[in-house]
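Worksheet: the structure to be examined is printed underneath.
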Amino acid sequence: MRGRGKTTAPSMTFSSRRSAATHRIPRPWPACAVLALAWAAAPAQADFFGLEPGARVRGHQDLDCKKCHAEGTGSGIDRNKCLGCHDHRDLRAQVEHGRGLHGRPEFQKSCEKCHVDHKGEKARVIDWKLEGGMDQFNHAKTGYELEGRHRRVKCTDCHKARFERSGTPRFLGLDQKCLSCHQDVHNFQNTRKELTDCTVCHQFDAREIASQQAVLRTFNHAAVTEHALRGAHDDIKCTKCHTQGKAFRMAQKPQGCASCHKDPHRNVYTAEGRSCEKCHVEDKASFKEQRFDHGKTRFPLQFTHARTACTKCHPKEVLKSPALDCLGCHREDNVHVVAGADRFDGVACQKCHTPQGFKGRVIFNHGQETRMKLAGRHAEVGCAGCHRGKPKAEVRTAEDTFERFKSAECIGCHQHREAHQRAFHDTPQVCTRCHVPGSDNLKLPPHDKLSEVFAQAGAHAAVSCEKCHGEGIKKLKVGADCVTCHEDKHRGTLGEGKNCKACHTEGYAFLQVSLDHDRDTHYPLTGRHASVRCARCHPGAPATYKVPEQKCVDCHGAQDVHAGKLGLDCARCHTPSGGAPRFDHARMTRFPLEGAHARAECVGCHALPERGPDGQPVVDWQFRAPGKDCKTCHGDRHGVSAASTCARCHGMEDWRTRIVDRYHDVPPFSLLGQHSDLECTKCHGQSADLTGTGTRCESCHRQDDIHGGALRECQQCHRVQGWMPSSFTHATTGFPLQGIHRTLDCRQCHGVGAYSGMSSECISCHLRDWANATSPVANIFHNAVVQDPNCLPCHNQVSWYRGPRGELRRNLR
């Protein structure tokens, strides 16, 4: 740093000061200390700037120290002064708006942290060591990341500007626009300012455009040029259309496809002024893919026509549309044209053929276009089956390709056949009387359509026509009655063969009849009658079907297992279906079946005395009544009186379960209380004999008598509802229990059974108490004084020690 005036002390730089031994300062001393010592040692008029730590960088040499250092702060740097420098005012704006490198939070610090001074005139102001060197600087921190080839470019290749004073590179002042560094070779600044952003087409790796698709990802050709690129146009290079140099301008604005593409047709398409878009689709990748809708013309394309190339019908350089008739294209393919003569001259091909092909299905409406409507087999026969054509080598005229019939009669086609020995060739109208045109079998025509009374069905279907109509079918009219051919087996008894179809089905076996017995007779067949053969009831068949009587015994008399004992009206019980579902035991007998009786088999009650060979009971089919009394079938196991009935105790649902013990409901012994729940065997034992048990309690409860038989009438104290509690009261004995006597057990007084003959005197129980008084006074009192052993004058049942009135009474007189 140069001084601004003369000083008494020579100017000293940091480097010269280090070389001078007299001014060398030990390294541990801080700079501020050195500055203070130097300040104290220097004369008062010494120049302050001679004490600088080193020479300033080139751009700061002419500046006053106060331009960077704040007053009174020693060596401190004022950040605002740095940003206030005229070279850094644009940097202040970036910092205040948070843009660029210095706008980032980590760079919001003192300037001297990154920028150094007093390092010599040629020293760099920027300390790149903090970023690992200038080449390693992360440019993304500035807000503009280097991509592609920008990463390999030197910093000074872009930052070419230099500071005026120092001449060092200036790293500020560049924007992110490509044209700030690159030349506008396309002159878009003057023509297309919206394309001045080079990244619309270019990438950072190279100036050459990678691909058309890469351009279209960012460049909207339709929005910029009003012409959208579609289909194959997407793959064309820009210079393919823009041939006027780097300016990408065209000689003239395209007025349609013909501006770029030559017309290869030069035929009726162009002559009629059609545009390319009517056939070709720009979205498709090839001109061969077209969208022309031929269906909107007068000739829609179908089947083979739809697969035919356009030039097949529309040759190149032919300025006239082809004719719409088939012969316009297919005259050489027409097999019906011979020597210039057309077999179907004047008939449109479409009446027979379709675009599917000449050899395909023919759509000719034979019934509408000719006098003969095709039906049945005729509709299935191909045209050549009737209209025969000669072999190609024998064809001489157009008629030889397709046979023509002079008449619509059957003979016109079938006269070449030897049917019926050619007997009806002169009378062709007779054919339809027997044969149905187009039927499946001409030899056996459907007779149901030829005759109203004879269908020729079943076995008749196999009969030849000659069987009924004679040889050569001369006899066309045959009788319609069955007896014309068949013998009447019924000898006229059923109408002399006039009504055979009422029972028999035409053409089927005679034994298989279709007679409806329910409808045609007065006796409907139901149940098993429906499966019985006719001869079972009509033994004179088939000569006669005399109607028998309609009573059951007329047919089933020999089968009456009841031997007439149940009458002749079988229908009272039986039905034709079998069994006797109509029999009602309750209504037809004097013994209604209830409970188990209703489920019992008949043989259980109605059985013969002897058993069958297998040892099983045999039913008495005469159903002789054994009687209504239960004992008749079940016997009397109990031996009770004859007047007693089983129903008094037993029900009909289950014999073992006693429903109501009505026998015991009457005296002398009714079952009440606990007795009503006991089983009979509890009292009567396991034997069925219910007599001789007795009605007294001791008959059954002798072992339960704790009185030992002393008290014979148990019912005076006990009840059948329960043995305890007893209804006995001691007051009935003349000795009512009071006081402590009421709490005593009976056996304490009566011992093991002495309930009679006991005295009511106290001494009878308390003699020992009276004799064994422990007190001498008491002995004197009871033995000497009291001569009468009557305790009551002194004692009572409530307390032994007090008299009847509560005080101790002594009679000492």
Side-chain angles (χ1 to χ4, degrees), residues 561-562 565-566 572-573 579-612 614-705 714-715 718-723:
V561 296
H562 310 304
K565 299 297 184 180
L566 301 183
R572 291 180 57 204
C573 302
R582 297 176 179 174
F583 175 70
D584 188 352
H585 208 283
R587 181 173 54 85
M588 298 180 179
T589 70
R590 293 174 294 173
F591 188 79
L593 299 181
E594 300 177 1
H597 288 160
R599 299 188 298 273
E601 297 290 338
C602 302
V603 70
C605 298
H606 304 280
L608 295 175
E610 63 278 359
R611 291 181 174 268
D614 55 354
Q616 298 297 325
V618 180
V619 179
D620 180 10
W621 293 110
Q622 297 184 18
F623 295 107
R624 289 180 283 266
K628 296 189 301 181
D629 194 356
C630 302
K631 298 177 182 179
T632 304
C633 292
H634 301 285
D636 184 8
R637 303 181 58 192
H638 304 310
V640 296
S641 62
S644 300
T645 61
C646 302
R648 294 181 62 183
C649 297
H650 300 283
M652 294 186 181
E653 184 63 35
D654 187 1
W655 184 261
R656 295 179 178 82
T657 302
R658 188 185 68 208
I659 54 171
V660 178
D661 197 352
R662 296 172 184 160
Y663 183 78
H664 271 285
D665 286 348
V666 296
F669 192 80
S670 299
L671 295 181
L672 302 173
Q674 300 252 345
H675 288 162
S676 61
D677 296 333
L678 298 177
E679 294 291 336
C680 301
T681 56
K682 190 68 175 179
C683 297
H684 297 281
Q686 296 298 328
S687 65
D689 190 4
L690 302 181
T691 60
T693 302
T695 60
R696 297 182 61 85
C697 300
E698 58 267 21
S699 300
C700 293
H701 299 283
R702 188 178 300 276
Q703 69 278 11
D704 302 327
D705 185 8
C714 302
Q715 61 270 20
H718 303 284
R719 296 290 182 268
V720 293
Q721 284 76 13
W723 190 258

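Taking NE2 from His701 and CD from Gln703, the interatomic distance works out to 8.0 Å, rounded to the nearest 0.5 Å. Of the inter-residue distances, the one linking Cys700 atom SG with Leu678 atom CG reads 9.0 Å to the nearest 0.5 angstrom. Atom CE of Met588 is separated from atom CZ of Arg582 by 9.5 Å, given to the nearest 0.5 angstrom. Atom OG1 of Thr632 and atom NE2 of His634 lie 9.5 Å apart (nearest 0.5 Å). Annotation: the span from Met652 atom CE to Cys630 atom SG amounts to 6.0 Å, rounded to 0.5 Å.
When only modelled atom types and interatomic distance are considered, Gln622 and Arg624 share a side-chain donor-acceptor pair under 3.5 Å.
Atom CD of Glu601 has 12 or fewer neighbouring heavy atoms from other residues, nucleotides or ligands inside a 6.0 Å radius.
The aromatic rings of His585 and Phe591 stand perpendicular to each other, their planes meeting at an angle above 60°, with 30° marking the opposite boundary.
Under a 3.5 Å cut-off, the side chain of His606 and the backbone N or O of Asp620 do not form any donor-acceptor pair. Of the possible donor and acceptor atoms, none in the side chain of Gln721 sits under 3.5 Å from a partner among the backbone N and O of His718.
For the pair Trp621 and Leu566, the tightest heavy-atom approach, listed with the atom from each and the gap, is O-CD1, 4.4 Å. Residue Val603 comes nearest to Pro617 through the heavy atom pair CG2-CB, 3.7 Å, listed as atom of the first residue, atom of the second, then distance. Of all the heavy atoms in Glu653 and Gly595, the pair that sits closest is OE1-CA, 3.3 Å.
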